[in-house]
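Everything below concerns the one structure shown next.
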Amino acid sequence: MKVLLFNGSPRKGNTKAALEALKKGLAQQIPEAEVEEILCEGKSIIPCRACDACGSMSRCIFADDSPQINAAVEAADAIVFATPVYWWGMSAQMKLIIDKFYARDRKFHGLKKKIGSIVIGEADQEDPEYGIIAKQFRCIADYLGWETVFQKSYTANKPSDLAADEAALAEIEGLAKLLK
Ligand SMILES: Cc1cc2nc3c(=O)[nH]c(=O)nc-3n(C[C@H](O)[C@H](O)[C@H](O)COP(=O)(O)O)c2cc1C
């Protein structure tokens, strides 16, 4: 079983802490899982130009990291999108990568995958941003025929905040079993 984790943050902070907790949970609850983490920051991704060349090539016409990333998406049984909130949305680093799913859109459709999202912002949980972003991830998954198994959001701001939130970390560890 392959689990793919996307980390949308450019810094070693709350998203990283969340994914560390999830990896701990995966090691305990699905020890057979092969876990791959993709740090969106630092990937070479040319923003989608809407040229539609990928429609015939099934890959982006421009040389970037998207074919390897899309291959990892295709192979994964479960995918977790973990991102900080940037301006009521996911980080641009993550969105660039998701836009490139367009090249494999038809191939991705209907592949059996379990999807989770973890969203971390400075605002308290009453802020509409968490619902907006969760809805976006769910729409993407529904469109591709993938099953959403969890959507969680946490409030944290300083890079060390989530690592100090024992209840949040315990909850995230427990999410791992839902990916099976
Ligand atoms: C460019 C930028 C935009 C942000 N926009 C928001 C926002 O709209 N809402 C919010 O709650 N937090 C916002 N934040 C705060 C981050 O979401 C917050 O600090 C989060 O914990 C960062 O996660 P990380 O430590 O994994 O990078 C923003 C931070 C940055 C750098």
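Counting convention: from 1, in listed order, for ligands and their atoms alike. Throughout, residue positions are numbered sequentially from 1 according to the sequence presented.
E32 CD: more than 12 foreign heavy atoms inside a 6.0 Å radius. Within a 6.0 Å sphere centred on CD1 of I46, heavy atoms belonging to other residues, nucleotides or ligands number more than 12. Within a 6.0 Å sphere centred on CZ of R11, heavy atoms belonging to other residues, nucleotides or ligands number more than 12.
For Q28, there are no side-chain hydrogen bond (donor to acceptor under 3.5 Å, both in side chains) partners two or more places apart in sequence or in a different chain.
With no hydrogens or angles considered, no side-chain donor-acceptor pair links Q125 and Y154 at under 3.5 Å.
A heavy-atom cutoff of 4.0 Å around ligand 1 is satisfied by the protein residues S9, R11, G13, N14, T15, P84, V85, Y86, W87, W88, I120, G121, E122, A123, E129, A156, N157.
Ring-plane geometry between F108 and W146 is classed as tilted, the angle between the planes lying from 30 to 60 degrees on a 0 to 90 degree scale.
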